[in-house]
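See below for the structure under consideration.
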Amino acid sequence: MGKDVRIVCLANSRKGGDRCIAGIDVDSAEWVRPISRRMSEAVSVAERQYANRVEPRVLDVVSMRLTEKRSDGFQHENWLLDSTVQWEKVGRVDWEDLRLLEQQPEDLWINGYSSWGGLNNRIPVERQEEISDSLALIRVDRVRISEDNYAHFRYMGSRYAINLTDPVYEERMRANGNASQRLGESFITVSLGKEWNGFFYKFAAAIIERTEIESG
């Protein structure tokens with residue numbers, strides 16, 4: 001059954017040539033990841049931009065229509081979007097609002113598996129049955145973005161280096177000659193992707209730095 005929702009946009013991340021959008025439903029406080037009917041499930045420019053052709057930004061409150069739930073394995077947050085209804089910005093949240101949405105899982109799913117250059121950044125498919133969701137909004141004291149596009153941070157006593165797919169910070173890295181960047185207190189939207197070469201990879205789909213938000 002279709003429904004109209006308002007979500008706090010917490011990720012507008014790179015997915016091939018399109019985007020992966022995710023946010024928390026204002027009314028139910030549940031994660032929503034709108035997906036398209038295409039094989040990639042990525043959301044196109046036409047499907048996601050507002051009437052004035054402006055791109056949804058992280059922290060926007062976005063109104064959209066969803067047609068049906070499309071759970072896929074542990075990605076229970078997936079909903080098929082209604083491409084006939086244009087998305088609308090109906091508000092915006094601030095840092096204190098984010099504190100109310102903060103999640104505090106004991107860890108980011110399963111640790112102990114790392115790719116070359118990464119740290120605790122992937123999970124073997126054999127452990128899929130132990131995973132029950134694919135999105136988390138966590139708060140960390142600091143983040144370092146390395147030259148190879150990994151977000152390095154410590155959470156609940158564990159260290160992580162996971163691939164960055166936030167286009168805002170990717171562009172800042174390019175503009176800065178891909179030099180390493182150090183950020184202060186931040187929220188990170190962490191997403192667990194679908195299987196690739198026998199693993200599920202963790203991604204930093206969005207970084208929301210406190211000083212950036214509070215400075216406007």
Side-chain angles (χ1 to χ4, degrees), residues 4-26 29-66 70 72 75 77-83 85-95 97-98 101-103 133-140 143 145 149-151 153 162-175 181 183 186-194 201-210 212-213 215-216:
D4 294 320
V5 299
R6 294 171 299 144
I7 69 167
V8 178
C9 180
L10 295 171
N12 181 349
S13 64
R14 171 178 49 81
K15 187 173 184 179
D18 288 316
R19 297 291 175 86
C20 177
I21 310 294
I24 293 179
D25 186 326
V26 170
E30 295 179 350
W31 278 100
V32 171
R33 181 190 285 113
I35 61 173
S36 69
R37 293 184 180 275
R38 291 178 296 281
M39 184 175 296
S40 70
E41 298 182 342
V43 182
S44 69
V45 170
E47 290 166 332
R48 70 180 183 263
Q49 286 191 343
Y50 305 140
N52 58 1
R53 298 184 179 179
V54 169
E55 190 76 20
R57 297 168 56 204
V58 170
L59 302 187
D60 282 357
V61 180
V62 185
S63 172
M64 64 182 67
R65 181 168 297 166
L66 307 172
R70 286 284 184 92
D72 186 357
Q75 289 193 343
E77 308 90 347
N78 296 1
W79 279 80
L80 187 65
L81 63 85
D82 185 340
S83 60
V85 177
Q86 192 154 43
W87 293 7
E88 180 183 359
K89 177 181 175 180
V90 294
R92 192 158 171 84
V93 302
D94 58 21
W95 183 265
D97 296 319
L98 281 181
L101 299 176
E102 178 182 355
Q103 298 172 311
D133 56 21
S134 67
L135 288 162
L137 179 68
I138 62 169
R139 183 165 53 92
V140 298
V143 185
I145 305 175
N149 213 45
Y150 278 85
F153 57 91
I162 65 177
N163 192 253
L164 177 69
T165 57
D166 181 334
V168 173
Y169 280 93
E170 287 182 327
E171 178 56 36
R172 290 182 185 179
M173 287 291 288
R174 285 191 290 269
Q181 293 189 36
L183 311 178
S186 301
F187 277 96
I188 304 176
T189 300
V190 185
S191 177
L192 189 62
K194 295 187 177 182
Y201 282 82
K202 305 170 190 179
F203 298 96
I207 297 176
I208 309 164
E209 189 181 14
R210 181 173 187 171
E212 180 85 7
I213 301 306
S215 66

Distance only, no hydrogens: is a donor on one side chain within 3.5 Å (strictly under) of an acceptor on the other, for [X] and [Y]?
| X | Y | result |
| --- | --- | --- |
| Gln75 | Asp72 | no |
| Asn12 | Arg19 | yes |
| Arg33 | Ser134 | yes |

Side-chain ([X]) to main-chain ([Y]) donor-acceptor, under 3.5 angstrom:
| X | Y | answer |
| --- | --- | --- |
| Lys15 | Ser40 | yes |
| Asp60 | Arg57 | yes |
| Glu47 | Ser44 | yes |
| Asp133 | Leu135 | no |
| Gln103 | Leu137 | yes |
| Arg53 | Val45 | no |
| Asn52 | Val54 | yes |

Can you name the closest pair of heavy atoms from [X] and [Y] and give their distance?
| X | Y | result |
| --- | --- | --- |
| Ala204 | Ile188 | CB-CG2, 4.0 Å |
| Ile162 | Phe203 | CD1-C, 3.7 Å |
| Pro34 | Ile21 | CD-O, 3.3 Å |
| Thr165 | Ala205 | OG1-CA, 3.5 Å |
| Met64 | Ile7 | CE-CD1, 3.6 Å |
| Trp87 | Arg48 | CE3-O, 3.3 Å |

Report the distance from atom [atom1] of [X] to atom [atom2] of [Y], rounding to the nearest 0.5 Å.
| X | Y | atom1 | atom2 | value |
| --- | --- | --- | --- | --- |
| Tyr50 | Ser63 | OH | OG | 10.0 Å |
| Leu98 | Ile213 | CG | CD1 | 7.0 Å |
| Tyr169 | Asn149 | OH | CG | 13.0 Å |

| message | Any carboxylate oxygen within less than 4.0 angstrom of a Lys/Arg side-chain nitrogen, looking at Glu212 and Arg172? | response | yes
| query | Thinking salt bridges, do Arg65 and Glu88 make one under a 4.0 Å N-O criterion? | reply | no
| task | Mind checking ring pair (Phe, Tyr, Trp, His ring centres under 6.0 Å) for Phe153 and listing every partner two or more places apart, or none if nothing turns up? | result | Tyr160
